[in-house]
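Accompanying notes for the structure given below.
We number each residue from 1, following the sequence as shown. A quick note: this is a predicted structure, and the numbers were derived from the prediction, not measured. All heavy atoms count here, side chains included; hydrogens, waters and symmetry mates do not. Just so you know, ligand 1 is whichever comes first in the structure, and atom 1 is the first atom listed for that ligand.
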Amino acid sequence: MDFEFSAEDETFREEVREFLSEKLTPSLRRAAAKTTTVFADKDLAMRWQKILVEKGWAVPPWPLEHGGTNWTPTQKYIVGEEFSKAGAPGLIPLGLRMLAPVLFKYGTDEQKNYYLPRMLSGEHYWCQGYSEPGSGSDLSSLRTAAVKDGDDYLVNGTKMWTTHAQFADHIFCLVRTDSSGKPQAGITFLLIPMDTPGITVKPIITLAGDHEVNQVFFDDVRVPQANRVGPEHQGWTVAKYLLEFERGGGGASIRLMVSLDELKAIAQQELEDAAPLLDLTGFRNRLSELEIRTSALQFSELATLARMSRGGSPGPGSSLAKNTSVEIEQGINSLKLEAVQYYGLPHANLISLNSHNEPWPGPEYAETVTAKYLNSRAASIFGGSTEVQKNIIAKAVLGL
Ligand SMILES: Cc1cc2nc3c(=O)[nH]c(=O)nc-3n(C[C@H](O)[C@H](O)[C@H](O)COP(=O)(O)OP(=O)(O)OC[C@H]3O[C@@H](n4cnc5c(N)ncnc54)[C@H](O)[C@@H]3O)c2cc1C
């Protein structure tokens with residue numbers, strides 16, 4: 001296999017580097033390095049989104065006429081690689097990368113014309129109302145009900161683990177419109193402004209001390225039928241299409257390599273019996289195992305990239321990539337926590353990192369380690385839990 005990039009791709013890489021050296025300011029970089037949660041802080045993500053929109057690079061997969069870039073899969077990979085290495089903030093994918101493709105495929109012209117430009121400008125900020133108490137992996141059992149009332153639906157029920165609902169002004173929601181047949185056959189996909197009377201958002205503070213997720217309650221919430229995406233009762237098809245974009249991230253190995261470099265730098269500084277941790281055989285072996293697995297993941301990502309360049313799709317192998325990358329990420333975070341030792345105790349979460357003025361009591365590299373360790377425990381649950389991905393691998397990859 002030839003994994004060399006072409007001369008044109010290397011020229012493109014130079015352009016990306018120039019852009020980053022000009023626009024990714026030290027303050028943006030610092031704020032991104034302090035991100036301990038799955039999604040970047042809203043203000044940070046929106047600052048970076050504005051810069052990318054000005055450059056025309058915010059939404060590469062969108063059609064050209066709506067602001068897309070027409071990049072090849074290799075160019076997208078290069079951008080991901082350079083952005084990760086430079087420490088750029090992540091954009092919030094809920095609207096731009098998850099809802100947008102759904103609107104392009106299933107939305108009416110009115111919906112596309114209204115929602116897409118506002119999503120891009122940052123005027124609208126979205127959250128995802130899929131999971132409910134009791135309906136996560138088994139999503140089709142969801143019970144939040146929408147009953148027709150004139151030109152509207154009346155929505156009643158609750159959504160759980162809704163990331164950034166406290167910031168969002170819109171939610172895309174799966175609701176039950178029919179209970180008579182198969183559970184999948186009675187679901188409808190709705191777009192709901194969060195300021196509609198009857199919506200309440202209650203924070204859920206995570207193990208890491210972050211306020212990232214919420215429970216959202218709907219009490220007689222009136223939603224115009226014009227806010228439905230796709231036909232009534234057929235929201236399951238729309239929902240599954242959206243999940244392809246939620247799960248099909250790719251490019252995790254670069255992020256992991258950056259994190260491995262951070263781990264090595266910590267292990268070079270931290271000592272045990274006067275020797276750097278990096279020189280201790282037991283520590284080195286565990287680090288090397290993570291490095292080898294990351295390198296294997298990178299080769300399988302590049303193989304997927306080659307397939308996609310020839311018009312293929314990521315396929316069910318993306319479940320394998322998700323589980324592998326999550327295991328490596330959690331492994332690196334465990335080793336980092338072990339390496340910083342006592343400095344892991346006074347742990348700072350996103351809220352305190354952004355609000356306290358007191359200097360951090362330990363080395364700078366230890367500041368976010370515990371928060372990231374705790375937050376990354378959730379990675380084997382969201383976007384399809386590890387066990388559910390294993391079921392997919394067993395059926396679709398191994399044919400069991
Ligand atoms: C940090 C975070 C952010 C989230 N953000 C959002 C959001 O913005 N919007 C949203 O809609 N949802 C969100 N979720 C919810 C997420 O999608 C669900 O937590 C996930 O689908 C798992 O569902 P559950 O929590 O109900 O667990 P369950 O489905 O009840 O699973 C419990 C355990 O049983 C296992 N299990 C379940 N079914 C099977 C099976 N068939 N075979 C083997 N094992 C199985 C699971 O692997 C898990 O270990 C978020 C979750 C987290 C943790």
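Ring-centre distance between H164 and F39: below the 6.0 Å cut-off. Between F382 and W161, a ring centre-to-centre spacing not shorter than 6.0 Å is recorded. Ring centers of F189 and W236: at least 6.0 Å apart, outside the cut-off. Ring to ring, H211 and F167 are not that close: their centroids are 6.0 angstrom or more apart.
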Just list the N/O pairs, ligand 1 to protein, that are under 3.5 Å apart, with the distance for each.
from     : atom 1 : to   : atom 2 : distance (Å)
ligand 1 : 5 (N)  : W161 : O      : 2.8
ligand 1 : 5 (N)  : T163 : OG1    : 2.7
ligand 1 : 8 (O)  : W161 : O      : 3.4
ligand 1 : 8 (O)  : T163 : N      : 2.9
ligand 1 : 8 (O)  : T163 : OG1    : 3.1
ligand 1 : 9 (N)  : Q128 : O      : 2.8
ligand 1 : 11 (O) : Q128 : O      : 3.4
ligand 1 : 11 (O) : Y130 : N      : 3.0
ligand 1 : 11 (O) : S131 : N      : 2.8
ligand 1 : 11 (O) : S131 : OG     : 3.3
ligand 1 : 12 (N) : S131 : OG     : 2.8
ligand 1 : 17 (O) : S131 : OG     : 3.4
ligand 1 : 23 (O) : S137 : N      : 3.3
ligand 1 : 29 (O) : S137 : N      : 2.9
ligand 1 : 29 (O) : S137 : OG     : 2.6
ligand 1 : 42 (N) : N391 : ND2    : 3.0
ligand 1 : 47 (O) : S385 : OG     : 2.6
ligand 1 : 47 (O) : E387 : OE1    : 2.5
ligand 1 : 49 (O) : E387 : OE1    : 3.4

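Under the rule for a side-chain hydrogen bond (donor to acceptor under 3.5 Å, both in side chains), the partners of R47 that lie at least two apart in sequence or sit in another chain are S27.
With a 6.0 Å cutoff to the six-membered ring centre and a 45° limit on the axis angle, K105 counts as a cation-pi contact of Y241.
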